[in-house]
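Working notes, structure below.
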Amino acid sequence: MEVNLRCDNYFVEDKAWHESAERYKTFLNENCNKKIVFMELGVGMNTPVIIKYPFWKMTNALKNAHYICINKGESYAPKEIEKKSICVNCDIGEIIEKLGRM
């Protein structure tokens, strides 16, 4: 059994996946002029074209967009969106634990 990663020709991109992708595009189109936060939790460089690069691109393109990344050892943002970004170099489990104590 393998995790559903886009690393070979077995990635599940079925009807439900395409329907979800369309709902996501619709959401972005309907809300592109509002305040949007693109939050990336633990996304590395295995498949950056799926989440990381699109988040960076949209954060740069959309006036009211911001980018948040929580990822131990891989938390960063390009210079183009640096002022619109919050990068936390920490284990997500630690963040969740701290939030649970609030």
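One-based numbering along the sequence shown.
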Rounded distance (nearest 0.5 Å) linking atom CD1 of Ile51 with atom CG of Leu41: 9.5 Å

Testing the basics here: between Cys87 and Ala77, what is the closest heavy-atom pair and its distance to 0.1 Å? SG-N, 3.7 Å

Using 0.5 Å steps for rounding, measure from the NZ atom of Lys34 to the NZ atom of Lys63. 15.5 Å

In this structure, CD of Glu74 is separated from CD of Glu40 (nearest 0.5 Å) by 9.0 Å

Taking the inter-plane angle between the rings of Phe55 and Tyr67 on a 0 to 90° scale, is it parallel (under 30°), tilted (30 to 60°) or perpendicular (over 60°)? perpendicular

Lys84 atom NZ: more than 12 heavy-atom contacts under 6.0 Å: yes

When hydrophobic residues are tied together by side-chain contacts of less than 4.5 Å, even through go-betweens, does Ile86 share a cluster with Phe38? no

Closest heavy-atom pair, Ile92 versus Gly42, reported as atoms and distance to 0.1 Å, is CD1-N, 3.3 Å

Mind checking the SG-CG spacing from Cys32 to Leu62? Nearest 0.5 Å is all I need. 6.0 Å

Please tell me if the side chains of Tyr24 and Asn29 come closer than 4.5 Å, counting only heavy atoms from C-beta onward. no

Hey, does His66 have a side-chain heavy atom less than 4.5 Å from the side chain of Ile36? no

Met45 and Val88: same hydrophobic cluster, using ILVMFWY side-chain contacts below 4.5 Å? no

Check: Phe27 main-chain N/O paired with Asn31 side-chain donor or acceptor under 3.5 Å: yes

Give the minimum heavy-atom separation between Pro54 and Pro48, together with the two atoms involved. CD-O, 3.6 Å

Please check if the side chain of Asn71 supplies one atom and the backbone of Val43 the other of a donor-acceptor pair under 3.5 Å. yes

Strictly by modelled atom types, are Thr26 and Arg23 linked by a side-chain donor-acceptor pair under 3.5 Å? no

Donor-acceptor pair, Asp91 side chain versus Lys72 backbone, under 3.5 Å? no

Check this for me: does any side-chain nitrogen of one of Glu97 and Arg101 sit under 4.0 Å from a carboxylate oxygen of the other? yes

Indicate, with yes or no, if Leu28 and Ile81 share a hydrophobic cluster defined by side-chain heavy-atom contacts under 4.5 Å among Ile, Leu, Val, Met, Phe, Trp and Tyr. yes

Joint hydrophobic cluster, Met58 plus Met39, side-chain heavy atoms closer than 4.5 Å: no

Is there a path of hydrophobic side-chain contacts, each under 4.5 Å between heavy atoms of I, L, V, M, F, W or Y residues, that connects Val37 with Ile96? yes

Give, for atom OG of Ser75 and atom CD1 of Ile70, the distance between the pair rounded to the nearest 0.5 Å. 8.0 Å

Hey, are the side chains of Lys52 and Trp56 touching, using non-hydrogen atoms and a 4.5 Å cut-off? yes

